[in-house]
Each structure stands twice: as structure tokens, then as C-alpha cells.
There are 2 protein chains.
Amino acid sequence: MAPTSDRRRRVTITDVARHAGVSKSAVSKVLRNAYGVSPAMRERVSAAMAELDYRPHAAARGMRGRTYTIGVLLDNIRNAFFADILDGVNTELRDGDYQVLIGAAGFAEEDQTKLARALVDRQMDGLILIGPGFPRAEVLRTAATVPTVVIGHHDVAEEHDSVVDADALGAGLVVDHLVGLGHRRIALTSTAGNRGSGWTGTPERVQRRGYHEAMRRHGLGDLARVAMTAFSEEGGYRAGMELLASAERPTAVFAGADVAAMGVFRAARELGLRIPEDFSLVGYNNTAVAALAPVRLTSVDQAGGLMGATAARLLLERVEGRTRSVLMTVSPTLVHRDTTGPPPPEPAGPPGG
Amino acid sequence: MAPTSDRRRRVTITDVARHAGVSKSAVSKVLRNAYGVSPAMRERVSAAMAELDYRPHAAARGMRGRTYTIGVLLDNIRNAFFADILDGVNTELRDGDYQVLIGAAGFAEEDQTKLARALVDRQMDGLILIGPGFPRAEVLRTAATVPTVVIGHHDVAEEHDSVVDADALGAGLVVDHLVGLGHRRIALTSTAGNRGSGWTGTPERVQRRGYHEAMRRHGLGDLARVAMTAFSEEGGYRAGMELLASAERPTAVFAGADVAAMGVFRAARELGLRIPEDFSLVGYNNTAVAALAPVRLTSVDQAGGLMGATAARLLLERVEGRTRSVLMTVSPTLVHRDTTGPPPPEPAGPPGG
DNA sequence: TTCAATTCGGAGACCGTTCCACGTTTCTCG
DNA sequence: CGAGAAACGTGGAACGGTCTCCGAATTGAA
């Protein structure tokens, strides 16, 4: 009648050992397929494990060995780009014994720090940090404790591996595309990114740099214009209002993230502007929404799956003992859909020129 | 020089005990704020913990007590509705000591089973299963081992608590809304849902039941029509093509999930049909995409956040010892946006009538 | 045949916590 | 004032694995 008395006791390694008539050391060896087990022994033990439906207790294993668990830290699962990354991670790890557990910390620095520590405390064998927004120093400290791969930030360090998108190049692709269509007043939506401290190579910053370089390259350096708001629907809306309602309205808006582009859509709707007739719109990340029929957003694909798979592979190598750090860069490509076209004709040519 | 020699040893409870000059039992008591500690002792120990920057090792705790970790199992994080649920779970659990870890298993029955077991093996204190797609028997077995809350399925059991949306009612809201606009030929997009075995109350099934009831209630039982495809963009597309290209084209399509509605959008586009001029479209779940400016999909809101928060609360109660099972039902509401309107005029009135 | 090398299996310490049992103080109250 | 109860602190046995020896048995070489 006691509340938990009916919770059956787990089958332990000792049960298996007894059932097979061997020592638990032997069972442990079979489990980890370690050296020093005869085929016959392996056979007996395996049979016993199957018969008792034995599953090793991860926490107990973790006390001396591995937990066979990889932790992924991200801010918000709503970001569809992360889903692509996770798919990559999962495919890479599916066949191994490793399990992937995700922690969604939100954007607050303290919450992310707390989660990172929680993952370490739970004995993760390795950590994948996607665009971490907590102080770099804390990340380095973590990475010194647990094998770690950082996705997104361009800052490299001995302590961890890095997987990044060539964001400067990606921004260049967008500007090239728009200039090719005849645009000159091309504005960018970016974010100050309250990304903890110590990060100098956040994706958004590198993207911004790439944008400015590309504009200069085309001789449009003076027309460059950036609206800084959050990478969110609301942020995109505010940026859109700011840019599109201004006197010198840009003919093209490059939203630094697809979500932000959605907000620009709303701003355009409110201002009675059509896309791409009145202005062109480009996103970034080629999120699933971008491809949806009612959206059809031109965007930049970052091969999230590849990034995730790479991160997973690098992480396993680290777990296995590699110590020198590695930087992997993947190349973005532009996906042309329906939100970009030639700029509208100048309403009334300004005198001169 | 050894690869891992520089990974600093963790501060353990013994270190804290030594540093504070007390026994580790005492430290443990302070940690769990258990009974039998004097304020002075609490003070000393807390100071020592702070000084050494001590963090308890969750895996070790799990061996005898709790791990303070809640596991959430879901199929795919791409489903934005899950994000709402998770937000609810997180807000509810944020202030406690509990951490939420998410496992994304994919749709395959074996993968989900494997993940569920992995979560149990990792000593989760409690489990939240969101629309589990593995056999009910396995879920019940799991629930007998670990406190569990199932979200979505209407099948109740002594072993676990349940949080569901009143899906039949939700479907009724949609039909009422459409009939109110003048529609009669209202089709439903649903899914066979290869949801493991043993589940008789999957959300989609209950929704279907509600749809049929509502149609009958309005005297439209004979006009009811259901296209069975997957709840995905592609599935929605196929259902859309099937329904919209048929002779007796429905004037309204009720997509059983917002994702599917996106596919219907694509089908409509391909067939040259305008929404809502040529036919009305309603989704379900009121996912974030539904609200996006380029979409503006009429949908049914399920209060995912509330569901998540409720699930978390129920789970904690179970962890604390409650044994009788509980069913919580939340009520859906219709969110009217731009994809529904009056039906188009009959092209050429059929003779008679 | 002898002795070293190799292979196999087992004993038992250890990982970092919880928690039970028990001893010592300090209250409470007749 | 004394006895019983409550409060407080400690030692040490778990928990379920891993992993480092160690010894016995087998094999190979001389």
C-alpha cells in the first residue's frame, strides 16, 4: 500500500551476474566490450542480460565512466534553424550508444549559465553550445571541464571546437543578389545581441561586417544603413517600420534572420507596401517557414544539418581524447524565392544626377 | 601532458565538509534543507559551499535520491505547438531546483521507445510525454517506474496523469464558425497517425469524432469528408490536392494541424485558388506561424502554455507522492484571422434545389 | 620439461551522494 | 531535580556501476 512500494526494483548488474553465474566485473566487461572476455562468456552474459531485460543505470555508470549522454544548450527551440542543426546531430549520433538531451535556457544570461552548469553536474560526456549567450569566460571554464563544441560564434579557443557559418560571405551573397537586381539602397536588420560578454565574433556581428564590406565593394558604402533590433518577429516589425517609413526608403531590406523578416512582412502590410513590387526582402537561415507557400522568402541557407553533424563528430573525437581544437566553416548559399525582384521605378527623379 | 589530466577535479561534498569542519552528513542535510540542522551549522556550511564554489553532482545524487531533472519526450522540436507547451513547463519549473531536459526522438516507434528508456536510465525524477507515438503498454510500464504525465492522448490510466485539449469541442468550434459563414461542404484533413498501438484517444481521432458530430448537428452529416494524410506540409499538400481538385470541391477545408494547412496553401496556389475568396481554410493549434503576417491563418488555440504549466505542476505533485491519477482538460478557442470568409457563390446552380 | 608470456575471470576499492541508526546535548514539564 | 522528548550532529552502509590489480589457466618457446 505504500505509495512507491510497487515501483519494481531495477535489474542491476549484480542480478545479471548472479543469473549468468559470473562476477559483475565480467558483466561490466561485456557491457563495455572491454578486453579480456572469451566468446563463450560474452555469449552467456548477453543471454542473461536479454533474459532479464537488463539496462545499465546511466547515473551509476557516470560516477566512474561515461554517461553516454550529449547535452545541447540552446536559447529557444522556436528557432527553426536549431531544428536543422539538431537533425544533423541526431543523425550522426543515432547509431552510437549516445543519447542527445536538449536544454532550452531562454535568452537570459543567468539562465543559460545555470543550464550549462546543470548539464555539467549531470555528467554529460560532451556539450554542444548553440550560439551561447553567456559570458565567454564561463564557456571556456565549462569547456575546460567537459569536451565542448561551440556552434555559431567565430571566436576560437584552444578549449573547444567551433563550427561556424561563413556569415560574412553569406551577407555578401545577399548584397550581390540585390545589386544584381538593380538595388542600391539596401538596408540591413541586425541585432545588438546582448550576448553575454567577451564574444567578439557573434554571427550577427560577422554578418554585419560582411554586409558593409559588400556594400563598399559595390561602391555603395554611403548607402549602407542598419537598424538594430532584436532577432524576433517584434524586432523585425520595429526595424521594418523604422526603415520603410523613413524619407529615403530602402528598395531592399536584408533581414539578418528569417524571424525578423516575418516582422518586416507585418510592417509592410501595415504601410500598404507590396513585396517584391515596392521593395525586396531577404531573410537569413532559410528556416522552414521561409519555404512555406504563403511566405516564399528569399533567404540564405546555412546547411544547419551539416553543421550539426559536424559538431557531433567533432565532439565525439574530443570525447575520445583529441585535445587540439578545430574550426569548421560551412558555406552558405542563396535560395531565391518570391520576395526579391527589381527595385520599383524612382517615383519622381530628384533634381540632378 | 596527459590529455585529461588538466581537467580539474570537482569539489565534492567531502571537501566542503572538511573545509567547514563538519561531517558530510551535515553538509548533505544543509543541501537538501532537511530536518535537524542548527542555524549556526547552516551558516557555516553555506559559507563553505560558497567559498569552494561547490555544486552537487547530480548523477551521484541520483544514485540514492533525486536528480532534480525532469525529462520531456517529444517527436520533433519543429512542431511549434510543443514550444508553447515547453514554455509553460519552464515557467512553472524555473524557480524550483528542477531542470528540464528535452529528448527529441523522431516519429519512429522504436526510437521513441529507446529514448523513453534512456530517460528512465538517466534517473529522471519525472517524465512528460508529449503525444507519445510508442505503444501504450510501454508507456504504462514506464509510468509504473517513474512519475509520468502524458500530454495529448485522451486515454487515461491509473499509472499516469493526463493533460488534454478538448479536441472534440475544438473541432466543433471550427465547424460552427464555418457554418456560420454559410459553408456547407466542409472537409477535414486528418491523419491515420501511426501512433504505436493501444491508443484509442489520440488527439486526431478525437478531433475527427468532434468534426463528424458537429457536421451531423448542423444536418450536414452527408457532406462530411475526410482526407487522411500525414500532419506535415507535404501531407497537407496531398490532402489539399485531393480535396480541391475533386469534382465536388469543398468550400472550406479544416486542416487538423497548422502545418498541414501550410501544405493546403501550396496546393491552392498550384491550383490557382485564392484564400478565402475561393475557399476558406482553418488550421489547428494556433502555432506561431499561423499568426505571421504573410499567413494570417484562422486557427484553434489550445493554450499550450497552460497545458505545459499544468503538466509540470501535476508531475511535481506525483514526484512528491500523489498516486491517484488526474485528468486535466483545457478548452480551445477559435482565433479568427484572414483565411476564412463566406463561401464563393455557386458557379452554376445545379438543376433543382 | 620448464619457464615466461598471454588470456581470461574475479575481488574489491572507488565514484559522490543519501539516509538510517545512533549518541550526545538541550528543552520541557511534572 | 529528574526523566523523557526533542533537537542536533556523526559514522558508515548503501546505491550500481567502472576499473585496477591479481592470480589461475592456458599457450608458446627453448
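Note that these values count all heavy atoms, side chains included, but never hydrogens, waters or copies made by symmetry. A, B, ... follow the sequence lines: proteins, then strands. Residue 1 opens every chain.
- In terms of phosphate contacts, A:S38 brings a side-chain nitrogen or oxygen within less than 4.0 Å of OP1 or OP2 of C:dG9.
- Set against C:dG16, C:dA11, D:dT18, the side chain of B:M63 has C:dG16 as its closest nucleotide.
- Of the listed nucleotides (C:dT18, D:dT18, D:dG11), D:dT18 has the atom at the smallest distance from the side chain of A:K24.
- Among the nucleotides C:dG9, D:dT10, D:dT18, the one closest to the side chain of A:I13 is D:dT18.
- Atom CD in A:E43 sits roughly 16 Å away from atom P in C:dC8 (whole-Å rounding).
- Checking side-chain atoms of A:D155 against main-chain N and O of A:T200 turns up a donor-acceptor pair under 3.5 Å.
- Taking the nucleotide of DNA chain D with the nearest heavy atom to each of B:R64 and B:S25, the more 5' of the two is matched to B:S25.
- Listed candidates were C:dG9, D:dT10, D:dC19. Nearest to the side chain of B:V22 is D:dT10.
- Closest to the side chain of A:T12, out of D:dG16, C:dT7, C:dT17, is D:dG16.
- Proximity of B:R32 to the phosphate of C:dC19: a side-chain N or O atom is located under 4.0 Å from OP1 or OP2.
- In this structure, A:H153 and A:W199 have parallel ring planes: the angle between them is below the 30° cut-off, well short of the 60° mark.
- Counting to the nearest Å, the C1' atom of D:dC8 and the CG atom of B:N33 are 16 Å from each other.
- Distance CG (B:D121) to P (D:dG16): 13 Å, rounded to an integer number of Å.
- For A:K29, taking side-chain heavy atoms from C-beta onward, the closest of the listed nucleotides C:dG10, D:dT18, C:dC19 is C:dG10.
- Separating the CG atom of A:L52 from the P atom of D:dG16 is a distance of 14 Å, rounded to the nearest angstrom.
- Using a 4.0 Å cut-off, no side-chain N or O of A:Y68 falls inside it from OP1 or OP2 of D:dT18.
- Of the inter-residue distances, the one linking B:I13 atom CD1 with B:R55 atom CZ reads 15.0 Å to the nearest 0.5 angstrom.
- No contact: A:R66 has no heavy atom under 4.0 Å from any strand.
- Nearest-nucleotide positions on DNA chain D for A:S28 and B:R42 put B:R42 closer to the 5' end.
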| task | Could you please spell out the steps behind the side-chain contact (heavy atoms from CB on, under 4.5 Å) verdict for A:L127 and A:T142? | result | CA-CA 9 Å; A:L127 253 39; A:T142 304; 3.6 Å; yes
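- In this structure, B:R10 atom CZ and C:dC15 atom C1' are separated by 12 Å, rounded to whole Å.
- Here the closest non-hydrogen pair linking A:V30 and A:S46 is CG1-OG, 4.2 Å.
- Residue B:M41 places its side chain closer to D:dT10 than to any other of D:dC8, C:dG10, D:dT10.
- Set against D:dT10, C:dT18, D:dT18, the side chain of A:R61 has D:dT18 as its closest nucleotide.
- Atom CZ of B:R44 and atom C1' of D:dC8 are 14 Å apart (whole Å).
- A:R122 and B:Y68 share no side-chain donor-acceptor pair at under 3.5 Å.
- Distance B:R122 CZ to D:dG17 C1': 14 Å, rounded to the nearest Å.
- Phosphate contact (OP1/OP2 of D:dA7, side-chain N/O of B:Y35, threshold under 4.0 Å): present.
- Rounded to whole Å, the distance from CE on B:M49 to C1' on C:dG16 is 15 Å.
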